Visitor: 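I'd like to ask some things about the structure below.
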Protein chains: 2
Amino acid sequence: MDSRDYGRPLTPGRGSRNESTRQHNLSLLLSLVHHHPQISRAELTRMTGLNRSTIGALVADLVDARLVVEVAALSGNVGRPSPRVTAHPGIAAVAVNPDVDAIIVGLVGMGGVVLDRKRIPLPELPSPEQTVQIAADATRDLLAAHPEIIRIAGAGAAVPGLARPLDGVITRSPHLNWYEIPYAEMLEDALQTPAYIDNDANVGLLAEAVFGAGRNLSTYFYMNGSASGIGGAIIAGGTVLRGADGYAGELGHTVVDSNGPLCHCGRHGCLETEVQYARLKDAAAPHELVFGDLANSLADIDNGAVAEEIDRQVELLAGAIASHMSVFNPEAVILGGFLGGLFERRGEELRQRVKDLAFAPLADELVLERDSIGEDLLLVGAAELAFAPLLDNPLGG
Amino acid sequence: MDSRDYGRPLTPGRGSRNESTRQHNLSLLLSLVHHHPQISRAELTRMTGLNRSTIGALVADLVDARLVVEVAALSGNVGRPSPRVTAHPGIAAVAVNPDVDAIIVGLVGMGGVVLDRKRIPLPELPSPEQTVQIAADATRDLLAAHPEIIRIAGAGAAVPGLARPLDGVITRSPHLNWYEIPYAEMLEDALQTPAYIDNDANVGLLAEAVFGAGRNLSTYFYMNGSASGIGGAIIAGGTVLRGADGYAGELGHTVVDSNGPLCHCGRHGCLETEVQYARLKDAAAPHELVFGDLANSLADIDNGAVAEEIDRQVELLAGAIASHMSVFNPEAVILGGFLGGLFERRGEELRQRVKDLAFAPLADELVLERDSIGEDLLLVGAAELAFAPLLDNPLGG
DNA sequence: GTGACTTGGTTGTGAATCGCAACTTTTGTA
DNA sequence: TACAAAAGTTGCGATTCACAACCAAGTCAC
């Protein structure tokens, strides 16, 4: 049996003209270079299936456009060494992530390398106008410190809250106390470069998808536990599942206990109201927990009431994961934030409970992972938002 | 703000060669003809954005391949009338749907027209071998009665149970008592044509997506209530969400009441164990309900215990829908089977409760619909499975 | 170290495909 | 009946890729 047609679009698209081929191939090459830091022309030939003469011409176009550079080949194999193609070191994107107590601005090169970052602490909740102004100043400073940057692909922002990537409006961010803010437009005006936004869970997932734990997967979901709740994001068939407005992915509002407390979403016993960092902290008191290193800071006190709370949260998390397993049939589930910490301390128990609670064939080969990028996750992901249009159409137009 | 890049693939694909353009455009044209029964060449030109000389050449290719025919133009507008292009009337697919008490075999033309069907009742649960043999006999009869059919695109089967479209294996169908059956392969051997399978919910959704309630939507989900349970299927970004093995879409196993009875999936209080046709039937007894016309057969007895049961099911269904709304942020939700009947009787209540229980921005413009194709749903959908490869690559290869 | 071998870049030619402009056909309208 | 509008048809040119022949640069065996 040959392989079946998976995920074919059901609604006809647009006609393909002759130039579409070129654009598609250039996009493909630039994306491969972006994903693989030092890929050789020979590897590009193999991975695309195109003729090597074609690859030569396409790479030359990208070099002319100052999007990539060719560097000396590595020897070691028989045959003529193939020059390596890397992203042009002068291309970068600006990541601008507002948070409750600071603004984090980063300069990220192609290939997902964070070149520089600035964290500007704020005494109080910032207004959108303030953050945009601060971001513009910080960007100017960063660019002044990096004269090698010849081109800014755009700006990206990870928003803690509901955001509409399509029109760049932040629908609501209770943490920032922002509602219906045309943030992308404001950023574009201040930074004089195209700006893109998305919610923080999608942005984190994007980074993991391109450079992290999701590199070789095409269907999986990501659950991220922050101090303020549980965010989710989904990759289905190799693309971020965004839904009609970009609000898709709220995996923290699965009902895990109908007797639980009322959630702000209107239902009772959502995962987010039951599995909380605050509850772990309370159970651990007076011991202090380190959010970024939860597993280790739990290690010494994992008994009694603390162990009980961990077990309770693992059980409820397993129920939610099992529920989503039936819906998505993913290749893997990636856990971040304090959920990653829980997974580190109770990996086998969690895996076993998901298996118990899910349809057998679905969890047979369940892969649970923790996220792998770490501190710069949201900077890399936000930059990725800005790189996307360039990757899709390298020579513009 | 220009429109943002939605659902771009994150993993680079293959290189596009010159012929890819042709294949893409032929596929696009044939798909448009398939979707629109009598489309004119001028409309094809407008919808694809291609030059009219190109459309002329492409249509000529499809005519040569006996995939479409050109029929007389309709006049009435100024200017030279444009010939209409329709699917060749001699192209069909065979739909072979096994069920517990019968096998339904249908001959479906391009454009989703059911040309003929046969229902072969069975005295007992059939074995896979039996159904395949019966399907082959029935197909021979149907083809004998339809000498105009010059080409069979393939065979498709809607399977009541878990199926893997990728390798054509039925993982498990408790209703049929079939486990790990290489059904597509068996059908291919018996019918001597490529065969494709998928679970019945996905097949139903496919029909609705191409010819029914989902025609103009790109993100929505479908919940179908049968006598034996609740099936689900999802369209995200214009494609069927299938997951790693094709098992995705089990929307019937959302927890709606964690105090409820144990479900066969391992959890308590799944939607499927709480919202059941059998419970409606019991509440209505001694009145008889008509499954296919539930709303009408409930009309006269919608009070007392029956009304209470309906209300209860509507409330739980609303909870499940609201939960999925947060995950998918769909443009619409389509209800089929007895869930469609519940919707007909309690449309406004259901809509209101979903709004109450979902995040506000998500349900603001909620569209609830019932499925629209009716009796032939699974025949049309199963045929669609078989047409897909032809639509993707009309001239073969 | 020398020559065979292998891998891969380079160049020129040919084929596929689409757009475009000019021309023709067919209809409706004044 | 003349004219305008819409759309099919035809020939030409541009773009893009594959292919084959050739050349370059490394490894490997002796």
Side-chain angles (χ1 to χ4, degrees), chain A residues 13-30 32 38-65 68-85 393-397, chain B residues 13-30 32 38-65 68-85 393-397:
Chain A
R14 296 282 296 173
S16 174
R17 40 199 65 207
N18 221 312
E19 312 131 51
S20 319
T21 304
R22 187 70 155 202
Q23 182 183 325
H24 175 264
N25 287 339
L26 285 169
S27 165
L28 180 56
L29 286 192
L30 192 57
L32 284 168
Q38 289 245 327
I39 196 169
S40 70
R41 263 163 69 176
E43 284 168 308
L44 289 172
T45 302
R46 278 190 292 272
M47 293 177 77
T48 58
L50 296 171
N51 193 280
R52 49 188 210 250
S53 60
T54 308
I55 296 293
L58 290 167
V59 170
D61 275 10
L62 293 176
V63 170
D64 287 350
V68 305
V69 292
E70 290 193 297
V71 299
L74 291 182
S75 54
N77 299 319
V78 283
R80 177 172 174 173
S82 188
R84 306 196 151 251
V85 184
N393 189 4
L395 304 188
Chain B
R14 295 282 297 173
S16 173
R17 40 198 64 206
N18 222 312
E19 314 132 47
S20 319
T21 304
R22 187 71 156 202
Q23 181 182 325
H24 175 264
N25 288 339
L26 285 168
S27 165
L28 180 55
L29 286 193
L30 192 57
L32 284 168
Q38 289 245 326
I39 195 168
S40 71
R41 261 162 70 174
E43 285 169 308
L44 289 173
T45 302
R46 278 190 291 273
M47 294 178 77
T48 58
L50 296 172
N51 193 279
R52 46 184 208 251
S53 59
T54 308
I55 296 292
L58 290 167
V59 170
D61 275 10
L62 292 176
V63 170
D64 287 350
V68 305
V69 291
E70 289 193 297
V71 299
L74 292 183
S75 55
N77 299 319
V78 283
R80 175 170 175 176
S82 189
R84 301 191 157 256
V85 185
N393 188 4
L395 304 189

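For clarity, every value in this text was computed on a predicted model and none was experimentally measured. Sequence lines set the chain letters: A, B, ... in the order given, protein chains first and strands last, and positions in each chain run from 1.
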Visitor: Nearest whole angstrom, please: distance from the C1' of D/dA7 to the CG of B/Leu44.
Guide: 13 Å
Visitor: Let me know, please, whether B/Pro81 or A/Gly76 comes out on the 5' side of the other along DNA chain D by nearest nucleotide.
Guide: B/Pro81
Visitor: Grab the CG-P distance between B/Asn25 and C/dA16 for me, whole Å please.
Guide: 17 Å
Visitor: State whether the side chain of A/Asn25 and the backbone N or O of B/Gly15 hold a donor-acceptor pair below 3.5 Å, judged by distance alone.
Guide: no
Visitor: Within the pair B/Arg52 and C/dC23, is there a side-chain N or O less than 4.0 Å away from OP1 or OP2?
Guide: no
Visitor: With the side chain of B/Ser82 defined as its heavy atoms from C-beta on, choose the nearest nucleotide among C/dT7, C/dT27, D/dA7.
Guide: D/dA7
Visitor: In whole angstrom, what separates A/Gln23's CD from D/dC17's P?
Guide: 12 Å
Visitor: For the side chain of A/Ser53 and the base of D/dC17, is some donor closer than 3.5 Å to an acceptor across the two?
Guide: no
Visitor: Base, sugar-phosphate, or nothing: which does A/Leu50 touch, judged by heavy atoms less than 4.0 Å apart?
Guide: sugar-phosphate
Visitor: Side chain of A/Arg80 only, heavy atoms from C-beta on: which candidate in D/dT16, C/dT7, D/dA7 is closest?
Guide: C/dT7
Visitor: Quick one: the side chain of B/Ser16 and the base of D/dC17, do they pair up donor-acceptor inside 3.5 Å?
Guide: no
Visitor: Give one of base, sugar-phosphate or nothing for B/Gly15, where a contact means two heavy atoms less than 4.0 Å apart.
Guide: nothing
Visitor: Return the nearest nucleotide to the side chain of A/Glu19; candidates are D/dT16, D/dG8, D/dG26.
Guide: D/dT16
Visitor: Spell out yes or no: do the side chain of A/Arg17 and the base of C/dG19 have one donor N/O and one acceptor N/O closer than 3.5 Å?
Guide: no
Visitor: What is the distance from CD1 of B/Ile55 to C1' of D/dA6, rounded to the nearest Å?
Guide: 16 Å
Visitor: Ignoring backbone atoms, establish whether A/Asn77 has a side-chain N or O less than 4.0 Å from OP1 or OP2 of D/dT27.
Guide: no
Visitor: Does B/Glu70 offer a backbone N or O that forms a donor-acceptor pair with the side chain of B/Arg41 under 3.5 Å?
Guide: no
Visitor: Would you check if B/Leu62 and B/Leu26 make a side-chain contact, meaning some heavy-atom pair closer than 4.5 Å?
Guide: yes
Visitor: Start at the 5' end of DNA chain D and walk down; is the nucleotide closest to A/Ser75 or to A/Leu58 reached first?
Guide: A/Leu58
Visitor: Given D/dC17, C/dG19, C/dT7, identify the nucleotide with an atom nearest to the side chain of A/Val78.
Guide: C/dT7
Visitor: Rounded to whole angstroms, how far apart are CG on B/Leu74 and P on D/dA7?
Guide: 13 Å
Visitor: Select one nucleotide: of C/dC18, D/dA25, D/dC17, the one nearest the side-chain heavy atoms of A/Thr54.
Guide: D/dC17
Visitor: Determine whether B/Leu58 and B/Leu50 make a side-chain contact, defined as any pair of heavy atoms from C-beta on separated by less than 4.5 Å.
Guide: yes
Visitor: Please determine whether any donor N or O and acceptor N or O are separated by less than 3.5 Å between the side chain of A/Asn18 and the base of C/dT17.
Guide: yes
Visitor: Going by heavy atoms in the side chains, are B/Gln23 and B/Ser20 under 4.5 Å from each other?
Guide: no
Visitor: Indicate whether OP1 or OP2 belonging to D/dA6 is found under 4.0 Å from a side-chain N or O atom of B/Arg41.
Guide: no
Visitor: Counting C-beta onward and ignoring hydrogens, is there a side-chain heavy-atom pair between A/Arg22 and A/Asp61 closer than 4.5 Å?
Guide: yes
Visitor: In this structure, how many angstroms lie between the C1' atom of C/dG8 and the CE atom of A/Met47, rounded?
Guide: 18 Å
Visitor: As a test of reading the structure: which of D/dC19, D/dT16, C/dT10 is closest to the side chain of A/Asn51, going by heavy atoms?
Guide: D/dC19
Visitor: Tell me: CD of A/Glu70 to C1' of C/dT10, nearest whole Å?
Guide: 13 Å
Visitor: How long is the line joining CZ of B/Arg46 and C1' of D/dA5, in whole Å?
Guide: 13 Å
